[in-house]
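What follows is a set of notes on a single structure, which appears directly below.
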Amino acid sequence: MRNRAVSTTISYTLTLTIATLLVTGLVVAGGNFVSDRQTEVVREELSVIGQQVASDLAQADRLVRAADRSDPTVTITRAYPERVAGGNYRISLDPTDDNIVLESTDPAVTVTVSIVTVTPYGDSSVDGGRVRVIYDDGSSQLEVQND
Amino acid sequence: MADLTDGDGRGQIILIAAFALAVTFIALALIVNSAIFTENLASRGETAGGDGALAARAMVEDSVGTSVRSANRYNTTTGDRRDAIERSTGRLSRQIERQQVTTGGLLNVSTPHNYHTGSRVAMNDSGGGYFTTDGLSSGTADWQLVSRVEENGQPHATRAFELDVRKGGGILSSTDGLAFSNRFAVVINNTGSPSRTWRVALWRDATDAEEIHVRTELPGGTTKECVKTVPAEEFTVSLTDGTVASQPCTALGYDQSSETYYGYGAGISTPYNVSFENGDTVRGNYSFVVANSPDTATLAASPGPGPTPYMTDAVYATDVEFTYVNANINYTADVRVAPGEPDA
């Protein structure tokens with residue numbers, strides 16, 4: 001009679017274990033899925049923002065070249081998202097490789113967009129948000145600044 | 001041992017799991033939201049409006065160019081010409097400012113400055129004259145208009161070289177027994193050594209009165225001809241724009257098949273002379289503006305009564321400062337205005 005009710009306990013323990021395993025698996029898989037999607041979305045968004053910044057640079061380049069004397073004032077201000085999928089990011093111009101480099105911190109994603117302009121652009125870097133592309137007539141090059 | 005019969009304590013794991021999944025779904029919703037916003041951002045056009053700035057700049061250059069043309073044509077003194085250009089530029093600025101302000105922008109054109117004075121050679125007569133020394137058919141037909149034309153610090157020596165030609169009683173067709181050398185031609189030859197000559201001849205077709213022939217001869221002797229159908233009785237040949245009745249003509253421009261430039265003064269260095277040959281075979285008006293004060297032995301110093309070729313001082317080029325501001329763009333640039341300059 002002392003062995004009675006043991007099967008109920010074992011059954012309960014087994015149920016608990018299996019349920020825990022299933023639930024943990026579900027949560028881990030769900031977490032990974034969300035994390036993968038986040039990285040993918042951040043990469044896409046950085047790439048789109050990079051293309052837009054490249055278009056601003058190209059536009060500023062066209063405006064500088066349309067001026068017949070050497071010291072035009074060109075400022076293009078655009079509002080980009082402050083964060084991408086919840087994380088901060090930074091936009092940098094890399095004139096040596098003709099690239100715009102966008103880096104997000106969480107998750108860490110780096111995207112480069114290449115752009116070649118006739119008016120050179122200088123080594124400069126800004127946070128996401130309102131971004132200004134300006135022509136610096138002192139150094140005769142394009143730069144990005146935070147507004 | 002747990003009380004398996006106590007209903008209140010059961011289902012904690014399911015509850016925790018449901019909570020964790022709920023958090024995951026919320027995170028997923030935020031990420032999907034971000035993805036949708038990315039698509040939105042990607043599908044936006046050129047929102048900063050740089051194309052508007054460039055269109056406005058082109059419009060300003062064109063409008064001030066028209067003022068410069070008119071001022072050169074209708075005013076004889078330097079002061080009058082500048083006053084006329086400044087008045088019309090002021091009006092232009094006020095008008096486009098008003099138009100632009102309705103769209104939330106600002107556009108301004110400054111008073112013209114940095115004038116470059118050159119000379120304008122022209123014949124203006126309501127009835128049109130022959131392209132001879134005195135505008136009459138009896139005048140000297142082969143003659144030099146000006147000599148020593150040069151850039152004088154500008155990118156080009158001549159701009160807006162236009163011949164307004166009339167067909168009736170005007171350019172003779174080749175059925176009139178004229179050899180090629182007897183057709184009307186504009187000739188440019190450099191004054192330095194070795195002497196080189198660029199020539200463009202103009203005539204009407206022997207059989208089809210609507211066809212106009214233009215043939216260019218380069219200094220090396222290479223020729224290029226274009227034929228344009230021009231139904232109108234009066235038409236304009238622009239040597240510097242390379243057009244006949246507003247249609248592009250390869251004999252006055254770049255020929256891609258031979259990769260040769262045949263346009264105005266190709267292969268001729270400055271200073272050069274401008275002459276007409278067989279001016280008694282063509283009738284109409286003409287004008288061109290040069291960047292310096294060339295020498296002339298034939299042109300009058302001011303427009304006279306009737307068809308008299310003359311040369312006066314003229315504005316060759318001027319600058320205006322152009323400002324375009326909207327919510328995204330702040331653009332200020334100097335715009336050089338020299339209407340009809342080649343490759344402008």
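In what follows, chains carry the letters A, B, and so on, assigned in the order in which the sequence lines appear, proteins first and then strands, with residues in each chain numbered from 1.
- Of the residues considered (B:A333, B:A58, B:S34), B:S34 shows the highest number of contacts with chain A, using heavy-atom pairs under 4.5 Å.
- In plain terms, the two heavy atoms of B:L28 and A:V34 that are nearest each other are CD1-CG2, 4.0 Å.
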Go through it in stages, so that I can follow the logic: the residues are B:L41 and A:Q51, the test is side chain to side chain contact (heavy atoms under 4.5 Å, CB included), and I'd like the CA-CA distance, side-chain angles, deciding distance and then a yes or no. CA-CA 10 Å; B:L41 198 65; A:Q51 302 283 359; over 6 Å; no
Side chain to side chain contact (heavy atoms under 4.5 Å, CB included) between B:T24 and A:F33: does it pass, once the steps are laid out? CA-CA 9 Å; B:T24 310; A:F33 176 73; over 6 Å; no
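- Contact annotation for B:N114: only side-chain heavy atoms (C-beta onward) come within less than 4.5 Å of a heavy atom of chain A.
- When each of B:V325, B:N330, B:I329 is checked for a side chain to side chain contact (heavy atoms under 4.5 Å, CB included) with A:T75, only B:N330 meets the rule.
- For A:L16, the parts lying under 4.5 angstrom from a heavy atom of chain B are both the backbone and the side chain.
- The residue among A:T73, A:V133, A:I76 with the most heavy atom pairs within less than 4.5 Å of chain B is A:T73.
- Looking at B:F37, the atoms closer than 4.5 Å to chain A (heavy atoms on both sides) all sit in the side chain, from C-beta outward.
- Judged purely by atom type and a 3.5 angstrom limit, B:R57 uses its side chain to pair as donor or acceptor with the backbone of A:A66.
- No more than 12 heavy atoms of other residues, nucleotides or ligands shown are found within 6.0 angstrom of CZ on B:F25.
- Within the 4.5 angstrom heavy-atom criterion, only side-chain atoms of B:D319, from C-beta onward, approach chain A.
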Can you list the steps and then say if A:Q38 with B:L30 is a side chain to side chain contact (heavy atoms under 4.5 Å, CB included)? CA-CA 9 Å; A:Q38 188 184 14; B:L30 290 175; over 6 Å; no
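- Contacts between B:E321 and chain A at a heavy-atom distance below 4.5 Å are absent for every atom of the residue.
- Neither the backbone nor the side chain of A:Y135 comes within contact range of chain B; no heavy atom of the residue lies under 4.5 Å from a heavy atom of that chain.
- Comparing A:P81, A:G31, A:G86 by how many heavy-atom pairs each has under 4.5 Å with chain B, the most go to A:P81.
- At a 4.5 Å heavy-atom cutoff, the contact between A:E45 and chain B is made by backbone and side-chain atoms alike.
- Of the listed residues (A:L63, A:D56, A:V74), the greatest number of heavy-atom pairs within a distance under 4.5 Å of chain B belongs to A:L63.
- Side-chain N or O atoms of A:D68 include one that pairs as donor or acceptor with a backbone N or O of B:R336 at under 3.5 Å.
- Highest contact tally toward chain A, considering only B:L21, B:T323, B:T38, is held by B:T38 [criterion: heavy-atom pairs under 4.5 Å].
- The two residues B:A17 and A:V23 make their nearest non-hydrogen contact at CB-CG1, 3.0 Å.
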